[in-house]
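So the structure is just underneath, and the comments pick up after that.
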Protein chains: 2
Amino acid sequence: MNIGQAASRSGLSAKMIRYYESIGLISPAGRNANGYRRYSDDDLHRLAFIKRSRDLGFSLEEVSRLLTLWQDRQRASADVKALAGAHIDDLNRRIAELAGLRDTLQELVDHCHGDGRPDCPILKDLESGGCCRA
Amino acid sequence: MNIGQAASRSGLSAKMIRYYESIGLISPAGRNANGYRRYSDDDLHRLAFIKRSRDLGFSLEEVSRLLTLWQDRQRASADVKALAGAHIDDLNRRIAELAGLRDTLQELVDHCHGDGRPDCPILKDLESGGCCRA
DNA sequence: CTTGACCTTCCCATAAGGTCAAGGTTGATC
DNA sequence: GATCAACCTTGACCTTATGGGAAGGTCAAG
């Protein structure tokens, strides 16, 4: 199978597959006589694993560790759980941060007339650094 | 005032100030005889406005529009409100997306023993593309 | 033979900076 | 007068995870 088919069947782009190879996330694909990359069903399986991991928000660095654990028949499930747990913590931190921004902004928006007049508490806050919160 | 002082007083880094100038977010600063950038209190005010906007999660593109509205004495507060509202919507979308990922992952983690055995539903899901959700 | 769909490598761009290099300026101290 | 530290200048490369496109090789069909 050439890269195009591996791409469409894994859900990745050909560009991404080449990139993953270039950074060492996957080992270099075999080549046909014409120089085209060749992919086996096993390779495809690995690509789909990567795709799914990325969809769940794991960074390529984390995907790399997941791949290693996946290939390792001696792995402890605790290691996988720890990796996933750390990622969940990370997601929660980012969610809390975004929610904090949203709440601050929402409060500002709530106090803005939103009419044709120029007076605007949102700009006032941006100007002065805010008066009522950290 | 030189760039270092403008930086420490605005909360931005000197590097960021130069960067904002290079991308046209702020107009080129005046120069002293020695070639150093010179900043007025008015410039500082603008820099602090940018810093505060960035802290609230606005992209540089949005900051640019906010600056324009801020300078415009004829602005309608409705325009500012709309911009902030769109940003809130954006934040909410990102929050929902992250929360979705977190929930999926959390469910997988909950089903993983997390012991010394290699059997692991997390890897199983990554492998097969998930069985119980979109 | 040509067309079009593949594939190859290589370079550039993104957002929002960080880091480091190599050099000029300034002010204070010895 | 030398020197040292702290500032400033530009520039170039690093990051993450991709997208876009150029320039060219390959292959099958018409």
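Since we're looking at a predicted model, the values are computed, not measured. The sequence lines fix the lettering, A, B, ..., with proteins before strands; numbering per chain opens at 1.
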Please name all residues satisfying side chain to side chain contact (heavy atoms under 4.5 Å, CB included) with [X], sequence neighbours left out, ordered by chain then number.
X: B/Gln71; value: B/Arg46
X: A/Thr68; value: none
X: A/Ala82; value: none
X: A/Asp110; value: A/Gln106

Residues which pass side-chain hydrogen bond (donor to acceptor under 3.5 Å, both in side chains) with [X], listed by chain and number, not counting sequence neighbours:
X: B/Arg54; value: none
X: A/Arg94; value: none
X: A/Asp43; value: A/Ser40

Could you check whether B/Asp119 pairs with B/Arg117 (Lys NZ or Arg NE/NH1/NH2 to Asp/Glu carboxylate O, under 4.0 Å)?
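A salt bridge is absent here (no side-chain N lies under 4.0 Å from a carboxylate O).
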
Regarding B/Arg65 and B/Glu61, does a basic nitrogen lie under 4.0 Å from an acidic carboxylate oxygen?
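Salt bridge flag = yes for B/Glu61 with B/Arg65.
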
Under the rule for salt bridge (charged side-chain N to carboxylate O under 4.0 Å, His left out), what residues qualify as partners of B/Lys51, not counting sequence neighbours?
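By the salt bridge (charged side-chain N to carboxylate O under 4.0 Å, His left out) rule, B/Lys51 matches B/Asp55.
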
Bracket string, DNA chain D, 5' to 3' - pairs by Watson-Crick or G-U geometry under 3.5 Å, | interstrand:
||||||||||||||||||||||||||||||

Value rounded to 0.5 Å, distance of OG in B/Ser53 from CG in B/Leu66
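That separation rounds to 5.0 Å.
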
Contacting residues from residues 28-41 of chain A, given that a heavy atom lies under 4.0 angstrom of DNA chain D:
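Under 4.0 Å from DNA chain D: A/Asn34, A/Tyr36.
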
Of the residues in residues 12-20 of chain A, which ones touch DNA chain D at a heavy-atom distance under 4.0 Å?
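Per residue number, the list reads A/Ser13, A/Lys15, A/Met16, A/Tyr19, A/Tyr20.
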
Nucleotide range of DNA chain D contacted by chain A, 5' to 3', under 4.0 Å to a heavy atom?
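For DNA chain D, the relevant span reads D/dA17 to D/dC27.
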
Would a single hydrophobic cluster contain both B/Phe49 and B/Tyr19, if residues Ile, Leu, Val, Met, Phe, Trp and Tyr are joined by side-chain heavy-atom contacts under 4.5 Å?
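Yes: a chain of side-chain contacts under 4.5 Å links B/Tyr19 to B/Phe49.
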
